[in-house]
Amino acid sequence: MPLLEVKSLKKTYTPRFGGAQVQALVNVSFSVEPGEYVAIMGESGSGKTTLLNILAALDRPTGGQVLLSGKDLSAVRESEISAFRRDNLGFVFQDFNLLDTFSVQDNIFLPLVLAGKSYREMSDRLEPIAAKLGIRKILRQFPYEISGGQKQRTAVARALITSPQIVLADEPTGALDSRATDSLLRLFEEINADGQTILMVTHSVKAASHARRVLFLRDGEVYHQLYRGSQSAEEMFAKISDALTVMTTGGEDLA
Amino acid sequence: MKTLRKFGFYAKLAAQNMKKNGKYYLPYLLTCIGAAAMFYILFFLSENDGVVTLRGGTYVMATLWLGSGVIGIFSAILIFYTNSFLMKRRKKELGLYNILGMEKRQIAHFLLWETVYTAVVGIAGGLGVGILLSKLMLLLLCAILRAGVPFGFFVSGQGILWTAVVFCLIFALCLLYNWYGIKRAKPIELLRSGRDADREPRTRWLAALVGTVTLAAGYGIALSVQSPVSALGLFFVAVLLVIAGTYCLFSAGSIAVLKLLRNNKAYYYQTGHFTSVSGMLHRMKRNAAGLSSICILSTMVLVTVSSTVCLYAGTEEALDKWCPRDVQFILREADEEAMYTVVEIVQSEAEKQGMEISDLAYVRFYVPDSDTDSAHVCGDALEEGSRGELVWATGDEDTLPDAYIGFNVKGGEVPTEFYDGVWDVMSRDSVNFRSGSEAARSECSDELYGMYGGFFFIGLLLGFLFLMATALIIYYKQVSEGYEDAEGYKIMQQVGMTENEVKSSIHSQIMTVFFLPIVTAAVHIAFAFPMITKLFKLFYMTNIALFAWCTLGALLMFAAIYAAIYALTARAYYQIVKA
């Protein structure tokens with residue numbers, strides 16, 4: 001059974017003061033197997049952010065279904081949605097979304113504290129993750145004292161500490177320099193190799209080339225997909241670039 | 001022509017800006033209007049012909065004069081504070097103008113227009129409101145003084161002039177401060193100042209210690225003071241110590257306590273405590289000054305209102321103490337014979353003037369403690385005995401006691417010839433006493449009502465002004481914090497905090513920040529209570545129960561108003577955070 005199933009998802013925005021309706025998602029269907037590392041690519045306006053918001057249960061679709069481990073997201077009650085998100089999903093954002101009022105360690109603990117875990121359990125869980133992400137030395141520092149790369153590692157640690165079914169990443173490399181980008185992408189590959197399912201939304205070819213599979217989104221529909229298979233990241237990079245070229249020059253034969 | 005157009009441009013830009021920042025500027029303008037109106041009204045009353053001719057008019061005038069001075073100074077502080085707060089919020093916008101090519105000279109120009117608008121609206125509006133309300137205030141004052149209502153409607157030219165001058169000065173001062181700030185700042189700093197990273201506050205143990213010591217010293221003085229005269233001198237020392245202590249403890253003490261809580265892992269890492277403690281830690285750093293100001297202002301409101309209300313409510317009682325009969329004579333250090341001689345002189349002179357006297361009473365007494373004036377305890381002495389007894393003697397006095405002789409007169413009319421006659425006969429018969437004084441109850445009554453009524457009136461106005469200041473500070477705090485907190489709560493919701501958890505976390509923090517000052521103010525009042533009761537002795541006021549009730553009443557009313565302000569501003573806060 002796939003871990004995540006998206007079935008003919010639709011999302012239409014109706015402007016508040018009349019005007020033309022906007023179809024952000026026309027008909028999106030795909031599925032993600034456990035342990036997969038999927039990147040969703042598309043230009044701005046292709047519906048990436050809308051899709052991610054719906055997957056994150058931050059927004060509701062106008063039509064279609066999202067199933068996580070067979071459970072329909074729209075069947076989760078409003079009062080349980082936060083707990084559901086906390087227990088099943090991990091988030092990594094472009095601008096890190098760390099709280100300046102908490103130390104790095106407390107930022108990572110935040111979802112566990114909300115879930116009512118004891119300090120002992122939290123620190124036991126943190127130990128291996130901090131070691132893997134190389135952030136042990138900065139645990140006592142505050143977000144405004146550390147670099148962008150370190151902030152994003154902190155955010156990754158916060159996403160992983162709940163052992164979520166799936167990690168959702170929204171342009172995770174968007175605010176990083178090239179070195180920090182490289183190291184974050186390597187990190188994602190390692191985490192994925194350990195069995196963590198990752199779904200990343202990006203428009204960076206480089207970021208997408210590290211994924212095992214790439215979905216292309218255009219005008220609210222899945223337009224094309226590429227499997228990496230045994231190819232290296234560089235080969236994948238070239239294939240993605242080709243696909244994008246065809247997409248933007250208007251080729252119709254790829255799908 | 002070109003410069004003229006430029007003038008118009010800055011004027012328009014300034015007007016647009018104020019309109020867009022209405023959330024901040026409207027309360028500011030209202031405060032300016034309120035302060036100016038109050039200043040005008042006090043000035044108007046203090047030189048109003050109707051007031052001079054009231055009974056005790058001169059006392060009222062003096063009190064009102066003093067009051068207008070206090071209100072002027074306080075308005076200046078309040079307006080200056082608000083102005084600097086607004087400037088801090090707007091630095092980013094000004095920095096943007098600077099970077100987009102507006103020279104500092106031009107920004108100064110633009111600020112000038114803003115100040116001109118504020119001044120015109122504030123002063124003109126204040127005068128308008130003041131003139132409209134002045135008659136009402138005059139009626140209120142007359143009612144308080146139990147005087148007849150004067151006719152006619154007057155506008156005080158002097159009042160208008162002085163209000164305009166004083167408030168123009170205040171606004172000019174604000175403008176100079178703003179100009180100085182712009183001149184010193186670098187554009188990048190201006191641009192960045194809106195989002196300075198909020199550093200973790202350090203624990204300042206020394207400041208916490210100093211705060212504890214000064215507060216304890218202030219409380220100690222308030223509790224240990226014995227005599228009314230030394231209370232008068234030490235009152236302000238105690239007030240200053242408590243103010244210093246409040247500021248230190250709010251800024252350093254609160255952070256020390258919160259850090260201790262955070263180090264307690266079992267307590268800190270719980271859903272309810274986690275966000276509150278860390279949020280409060282950063283909040284206290286930003287808010288310590290504002291919170292202690294609110295606390296001190298609240299204390300001032302409460303002390304002013306409760307004591308002036310109490311004095312006014314106790315006027316009759318004070319009168320009975322000071323002048324229990326229609327006419328009285330007090331002889332200092334008089335022997336028994338002198339008292340009886342004067343009793344006889346009084347009776348014969350009254351007969352000569354055709355006065356019908358009754359309730360003749362006379363008593364000799366020692367004042368209970370050396371700081372009390374014998375005039376303050378006439379009424380008490382009379383309750384001990386009224387037929388020549390010697391009261392309150394302890395046996396080891398080395399001077400003669402004071403003597404009181406008093407009586408009521410039918411019709412209340414006492415011709416001046418009566419007093420002259422009494423003093424003449426006294427000096428002719430060379431009655432043995434050190435010094436003597438006379439008093440008529442009607443005059444004492446005028447004096448007391450004039451003074452306490454004036455206090456009461458000023459107390460109400462000052463109380464209102466302090467309340468306005470408190471509300472203003474609270475409002476600004478809530479709005480500015482709303483913007484700062486909105487981001488944080490969005491993130492927490494993404495990480496899996498439910499909306500209810502967000503709400504209850506916001507709620508507990510706001511509640512703490514809100515009610516900490518008023519609870520502290522109540523504690524301050526409790527400690528000030530014994531000292532104020534001592535001071536009251538100077539005002540013939542010894543009814544402690546009455547004062548206790550007045551204080552409690554003032555506290556409850558203030559708490560109710562405070563809660564209303566809280567409800568209103570909390571709503572503004574939620575709207576900002578949720579948006």
Side-chain angles (χ1 to χ4, degrees), chain A residues 52-53 56-59 77-93 95-123 126 140-146 154-155 157-159 161-162 164 168 170, chain B residues 192 194-202 255 258-259 261-287 481 483-506 509 513 577-579:
Chain A
L52 200 75
N53 281 342
L58 289 165
D59 203 352
R77 273 190 287 146
E78 192 64 44
S79 55
E80 289 161 6
I81 207 95
S82 291
F84 176 83
R85 208 180 289 146
R86 193 168 64 209
D87 297 337
N88 298 295
L89 307 171
F91 294 97
V92 180
F93 300 94
D95 41 11
F96 324 124
N97 281 3
L98 299 176
L99 291 164
D100 277 341
T101 50
F102 288 113
S103 66
V104 166
Q105 172 174 300
D106 289 350
N107 262 295
I108 300 171
F109 281 167
L110 186 59
L112 291 183
V113 175
L114 293 177
K117 298 281 189 275
S118 72
Y119 178 71
R120 175 124 296 276
E121 188 185 342
M122 290 193 286
S123 51
L126 176 63
R140 299 248 152 248
Q141 281 173 287
F142 282 82
Y144 46 81
E145 295 169 330
I146 59 179
T154 305
R158 184 179 64 186
I161 199 158
T162 54
L168 300 174
D170 184 7
Chain B
R192 231 191 350 223
R195 50 183 178 90
D196 272 342
D198 227 342
R199 303 229 148 235
E200 160 103 347
R202 270 199 211 108
I255 285 170
L258 286 167
K259 284 218 169 158
L261 283 182
R262 196 176 62 175
N263 290 340
N264 180 353
K265 293 199 161 60
Y267 176 88
Y268 178 53
Y269 289 106
Q270 284 179 31
T271 314
H273 304 151
F274 192 57
T275 46
S276 310
V277 170
S278 71
M280 283 297 291
L281 204 55
H282 286 254
R283 211 174 278 256
M284 281 315 290
K285 182 194 169 198
R286 283 190 306 236
N287 290 332
E481 272 180 29
Y483 286 115
E484 283 162 24
D485 293 349
E487 180 77 358
Y489 282 110
K490 211 178 83 197
I491 296 174
M492 283 192 223
Q493 268 179 304
Q494 283 170 337
V495 178
M497 201 174 192
T498 65
E499 190 160 341
N500 277 337
E501 279 168 341
V502 169
K503 259 208 173 140
S504 77
S505 164
I506 292 179
Q509 289 185 53
V513 166
V577 171
K578 270 172 94 181

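By convention in this document, chain letters (A, B, ...) are assigned in the order of the sequence lines, proteins followed by strands, and residues within each chain are numbered from 1. These numbers were taken from a predicted model, which means no experiment stands behind them.
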Step-by-step side chain to side chain contact (heavy atoms under 4.5 Å, CB included) determination, Phe274(B) to Leu110(A): CA-CA 8 Å; Phe274(B) 192 57; Leu110(A) 186 59; 3.3 Å; yes

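- Annotation: side-chain hydrogen bond (donor to acceptor under 3.5 Å, both in side chains) contacts of Asn97(A) (sequence neighbours excluded): Gln494(B).
- The shortest side-chain heavy-atom distance between Val92(A) and Arg158(A) does not fall under the 4.5 Å cut-off.
- Partners of Phe96(A) according to the ring pair (Phe, Tyr, Trp, His ring centres under 6.0 Å) rule, which considers only residues two or more places apart in sequence or in another chain, do not exist here.
- Using a 4.5 Å heavy-atom cut-off against chain B, the contacting residues of residues 102-109 of chain A are Phe102(A), Gln105(A), Asp106(A), Phe109(A).
- Taking Met492(B), His273(B), Lys265(B) one by one and counting their heavy-atom pairs under 4.5 Å with chain A, the maximum is reached by Lys265(B).
- Most heavy-atom pairs under 4.5 Å with chain B: of the set Phe84(A), Phe91(A), Phe93(A), this distinction falls to Phe93(A).
- Summarising the geometry, atom CG belonging to Leu281(B) is positioned 9.5 Å from atom CG belonging to Leu261(B); distances are rounded to the nearest 0.5 Å.
- Qualifying side-chain hydrogen bond (donor to acceptor under 3.5 Å, both in side chains) partners for Glu80(A), counting only residues two or more places apart in sequence or in other chains: Arg77(A).
- Only the backbone of Leu98(A) has a heavy atom closer than 4.5 Å to any heavy atom of chain B.
- Here the closest heavy-atom approach between residue Asp100(A) and residue Pro143(A) is recorded as OD1-CB, 3.5 Å.
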